[in-house]
**Student:** 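One structure follows; several queries about it will come next.
Residue numbers run from 1 in the order of the sequence given.
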Amino acid sequence: MAFADLQTDWSLLSQLLRLAQSDGWTIAFGNDRVVVSNRRTQHSVVALPASLIAHARGAGWRVVRRPMRFELRHPAVRQWVEVSLTAD
């Protein structure tokens with residue numbers, strides 16, 4: 001049995017990432033995930049992604065709260081998006 005080749009809806013992912021960038025979030029790409037973080041966390045200020053999370057939920061992304069991060073997943077997007085609330 002083989003899994004279907006999962007395709008990504010690039011317009012859906014791109015729309016989310018453009019919104020994140022316009023709100024001041026930094027985008028980094030990893031293995032099967034995209035990490036979104038904020039420069040202000042380096043100065044001990046936690047930036048909450050309220051507008052990003054609201055947009056994601058409205059666009060059908062499933063939002064899961066984890067310690068110091070959010071995970072965003074969408075059935076049409078192969079990569080998952082991690083919104084980090086800490087500076088790495």
**Student:** Could you grab the distance from atom NE2 of His74 to atom CG of Asp9, nearest 0.5 Å is fine?
**Tutor:** 7.5 Å
**Student:** Are Leu12 and Val81 linked, directly or through other ILVMFWY residues, by side chains that come within less than 4.5 angstrom of each other?
**Tutor:** yes
**Student:** Please report the shortest heavy-atom distance between His55 and Leu16, naming the atom on each side.
**Tutor:** CD2-CD1, 3.7 Å
**Student:** Side chain to side chain contact (heavy atoms under 4.5 Å, CB included) for Leu17 and Phe29? Distances and angles first, verdict last.
**Tutor:** CA-CA 11 Å; Leu17 297 182; Phe29 295 90; 4.1 Å; yes
**Student:** For a quick test of reading the model, state the closest non-hydrogen atom pair linking Pro75 to Gly60 and the distance between them.
**Tutor:** CD-O, 4.4 Å
**Student:** Indicate the atoms forming the closest heavy-atom contact of Ala20 with Ile27, along with that distance.
**Tutor:** CB-CD1, 4.0 Å
**Student:** Measuring from atom CG of Leu13 to atom CD of Gln79, what distance do you get when rounded to the nearest 0.5 angstrom?
**Tutor:** 6.0 Å
**Student:** Is there a path of hydrophobic side-chain contacts, each under 4.5 Å between heavy atoms of I/L/V/M/F/W/Y residues, joining Trp61 to Trp10?
**Tutor:** yes
**Student:** Can you name the closest pair of heavy atoms from Trp25 and Leu48 and give their distance?
**Tutor:** CZ2-C, 4.1 Å
**Student:** Do Val64 and Ile53 sit in one hydrophobic cluster, given that two such residues count as connected whenever their side-chain heavy atoms are within less than 4.5 Å of each other, even indirectly?
**Tutor:** no
**Student:** Filter on salt bridge (Lys or Arg N to Asp or Glu O under 4.0 Å), then keep only pairs touching residues 52-67, sequence neighbours left out; what's left?
**Tutor:** Arg66-Glu71
**Student:** Give the minimum heavy-atom separation between Ser51 and Asp23, together with the two atoms involved.
**Tutor:** OG-OD2, 2.5 Å
**Student:** After noting the C-alpha distance and the side-chain angles of Thr26 and Val35, does the key distance pass the side chain to side chain contact (heavy atoms under 4.5 Å, CB included) rule?
**Tutor:** CA-CA 8 Å; Thr26 303; Val35 179; over 6 Å; no
**Student:** How many angstroms lie between CZ in Arg18 and CD in Gln21, if you round to the nearest 0.5 Å?
**Tutor:** 9.5 Å
**Student:** Can you find a heavy atom in the side chain of Leu85 that is under 4.5 Å from one in the side chain of Phe70?
**Tutor:** yes
